[in-house]
Amino acid sequence: MRDSFQIKLITNHKDYPYDLLLLADETVAAIDKYLYDSLVYVVFETAKPIAVFCLYPVDSETLEIKNIAVSPDFQSMGLGSQLLEFIKTNYQQYPNLIVGTADCGLAQIRFYERNGFVKYAIRKDFFIENYERPIYENGTLLKDMIMLRYTLDS
């Protein structure tokens, strides 16, 4: 990670960067369902927030990445992969890292697979049941969530 980047745990709810969080989730209402029960980290370049990720402890074995987003100006530079490495390194007490993404989010699925995650489940009709309005990505209605898991080496 570049020396000019700093990762900080955010504890003041007023400091949550919704503009970045909305890059990875569709509505503030959906974000608020998990945000206040998650560990929220923001990546800064000097004082400017450029990325965010939210970690939700599911149980003593499993940590879910509920949101991970990088500002468009910093995408395709490997920062997302570096953030996953940060999580893997700093949260080894959780043997399982999980993340969900839309079934039609092929780029996102490939990103996680390149970083060692494997598909393990489908949450049927997740986007239909959890969002007030239909959500389209690349012209396709989002319906199912693909779940991916990374198992830490023991």
For Tyr136, side-chain contact (heavy atoms from CB on, under 4.5 Å) partners two or more places apart
Pro134, Leu141

Which side-chain N or O atoms in residues 111-123 pair as donor and acceptor under 3.5 Å with protein atoms at least two apart or in another chain?
residue: Asn115; atom: OD1; partner: Ser81; partner atom: OG; Å: 3.2
residue: Asn115; atom: ND2; partner: Ser81; partner atom: OG; Å: 3.2
residue: Asn115; atom: ND2; partner: Phe111; partner atom: O; Å: 2.8

Nearest non-hydrogen partners of Leu22 and Thr27, listed with the distance:
CD2-C, 3.7 Å

Residues forming a side-chain contact (heavy atoms from CB on, under 4.5 Å) with Asp37, sequence neighbours excluded:
Tyr56

Hey, are the side chains of Lys48 and Ile50 touching, using non-hydrogen atoms and a 4.5 Å cut-off?
yes

Ile98 versus Ile65: any side-chain heavy-atom pair under 4.5 Å?
no

When you group the ILVMFWY residues by side-chain heavy-atom contacts below 4.5 Å and let the links chain together, are Leu55 and Val43 in the same group?
yes

Are Leu148 and Leu83 linked, directly or through other ILVMFWY residues, by side chains that come within less than 4.5 angstrom of each other?
yes

Should Leu63 and Asn96 count as side-chain neighbours, where that means a heavy-atom distance under 4.5 Å?
no

Side chain to side chain donor-acceptor pair (under 3.5 Å) partners for Tyr18, two or more places apart:
Asp32, Tyr36

Holding to side chain to side chain donor-acceptor pair (under 3.5 Å), I want the full list of residues that pass it with Glu85, two or more places apart in sequence or in another chain.
Lys88

Shortest non-hydrogen separation from Lys66 to Ser38 and the atoms involved
CG-OG, 4.4 Å

Under 4.5 Å between side-chain heavy atoms, hopping through other hydrophobics if needed: is there a path connecting Leu39 to Leu21?
no

Residues in side chain to side chain donor-acceptor pair (under 3.5 Å) contact with Asp19, at least two apart in sequence or another chain
none

Between the CG atom in Leu106 and the CD1 atom in Ile109, the distance rounded to the nearest 0.5 Å is 5.5 Å

Residues at least two apart in sequence or cross-chain that pass side-chain contact (heavy atoms from CB on, under 4.5 Å) with Ala69, listed by chain then number, are Leu23, Ala24, Val52, Asn67

Euclidean distance, Leu35 CG relative to Cys54 SG, rounded to 0.5 Å:
5.0 Å

Residue pairs fulfilling salt bridge (Lys or Arg N to Asp or Glu O under 4.0 Å) with at least one residue in residues 130-150, sequence neighbours excluded
Lys124-Asp144

Check: Leu20 and Pro49 side chains under 4.5 Å, non-hydrogen atoms:
yes

For Lys33, which residues count as a salt bridge (Lys or Arg N to Asp or Glu O under 4.0 Å) partner, sequence neighbours excluded?
none

Without hydrogens or angle criteria, can the side chains of Asp25 and Tyr34 be said to hold a donor-acceptor pair below 3.5 Å?
yes

With Phe53, which residues qualify under ring-ring contact (aromatic ring centres under 6.0 Å, His included), at least two apart?
Tyr41, Phe86

Going by the rule side chain to side chain donor-acceptor pair (under 3.5 Å), which residues pair with Asp103 if we only count those two or more places apart in sequence or in a different chain?
none

If you define the side chain from C-beta out and look only at heavy atoms, does anything of Ile135 sit under 4.5 Å from Ile128?
no

Where is the tightest heavy-atom contact between Ala102 and Phe127, given as atom of each residue plus distance?
CA-CE1, 3.6 Å

Which pairs would a plain distance check flag for residues 70-80, meaning a side-chain donor or acceptor within less than 3.5 Å of a matching protein atom at least two apart in sequence or in another chain?
residue: Gln75; atom: NE2; partner: Val70; partner atom: O; Å: 2.7

Side-chain heavy atoms nearer than 4.5 Å, only ILVMFWY residues, links allowed to pass through others: does that put Ile31 and Met145 together?
no

